[in-house]
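To start, the structure under review is shown below, and the notes come after it.
Please read these numbers as outputs of a predicted model, since none were measured by experiment.
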Amino acid sequence: MYKLINENNTIVKDYPSSEIYKTMSDGEKKNIFTFKNEIEKITLKKGLGRVSVYVSYDGPNLEKGFMINYSNGFTKEYYETEIENINKSLKNFSKKNNIYDTFLNSHIILND
């Protein structure tokens, strides 16, 4: 798993992340930032913090992991419940915006 996008929306410059990013289509890049922004609308409102993006390959598919850092004194159970809620919201959002394929290859991860 390689970190691709930092919490502050900058692209990771280290190899191989920078090379992976270059191989992605403009549509893939746009969808990743769209998901990151949508997730952060919820995480920032709930006090869960910003999101960083990781990628890994599952065969030919690029899997995207949107990582939330465990912090701010909330219990792990609270984070897990909120991640379930975010997943439901993101599923609906992706269907409405014609990016459901991106949702299918995406995961929200709690970094503890």
message = Let me confirm one number: the OG-NZ distance from Ser18 to Lys13, rounded to the nearest 0.5 Å.
response = 8.0 Å

query = Between Phe35 and Phe93, what is the ring plane arrangement, given parallel below 30°, perpendicular above 60°, and tilted in between?
reply = perpendicular

request  = Quick one: pull up CD1 in Ile39 and NZ in Lys36 and give me the separation to the nearest 0.5 Å.
outcome  = 9.0 Å

inquiry  = Nearest 0.5 Å, please: how far is CZ in Phe74 from CD1 in Ile68?
reply    = 11.5 Å

request  = Mark yes or no for whether Glu28, through its side chain, and Ser25, through its backbone, hold a donor-acceptor pair below 3.5 Å.
outcome  = yes

key: Pairwise side-chain contact, Val51 with Asn37, heavy-atom cut-off 4.5 Å (strictly under)   = no

task = Could you tell me whether Lys29 atom NZ has more than 12 heavy atoms of other residues or ligands within 6.0 Å of it?
result = yes

inquiry  = Taking side chain to side chain contact (heavy atoms under 4.5 Å, CB included) as the definition, give me every residue that meets it alongside Lys45, ordered by chain and number, with sequence neighbours left out.
reply    = none

key: Candidate pair Ile20 and Val55, rule side-chain contact (heavy atoms from CB on, under 4.5 Å), full reasoning   = CA-CA 9 Å; Ile20 292 170; Val55 294; 4.0 Å; yes

note = In short, side-chain hydrogen bond (donor to acceptor under 3.5 Å, both in side chains) pairs touching residues 85-109 with sequence neighbours left out are Asn31-Thr102, Glu63-His107

task = Determine, step by step, whether Tyr70 and Leu48 satisfy the side-chain contact (heavy atoms from CB on, under 4.5 Å) criterion, reporting the C-alpha distance in whole Å, the side-chain angles of both residues, the deciding distance to 0.1 Å, and the verdict.
result = CA-CA 8 Å; Tyr70 178 70; Leu48 303 176; over 6 Å; no

task = Indicate yes or no: at least one non-hydrogen side-chain atom of Tyr2 is less than 4.5 angstrom from one of Ser56.
result = no

query = Under the side-chain contact (heavy atoms from CB on, under 4.5 Å) criterion, do Glu38 and Leu90 qualify, and how do the steps go?
reply = CA-CA 7 Å; Glu38 187 65 21; Leu90 201 55; 4.0 Å; yes

query = Out of curiosity, Ile5 CD1 to Ile11 CD1, how far, rounded to the nearest 0.5 Å?
reply = 4.5 Å

ask   = With no hydrogens and no angle check, is any side-chain donor or acceptor of Lys46 less than 3.5 Å from a backbone partner on Leu44?
value = no

key: Minimum heavy-atom distance Met24-Ile32, with the two atoms named   = CE-CD1, 3.0 Å

remark   = Apart from Tyr54 itself, members of its ILVMFWY cluster (side-chain separation under 4.5 Å) are Met1, Met67, Ile109

task = Check the pair Val12 / Leu4 against side-chain contact (heavy atoms from CB on, under 4.5 Å), numbers first and verdict last.
result = CA-CA 5 Å; Val12 174; Leu4 189 69; 5.6 Å; no

message = Can you confirm whether Lys3 sits close enough to Asn6 that some side-chain heavy atom of one is under 4.5 Å from a side-chain heavy atom of the other?
response = yes

task = Kindly compute the distance separating CG (Asn69) from CG (Asn111), expressed to the nearest 0.5 Å.
result = 5.0 Å

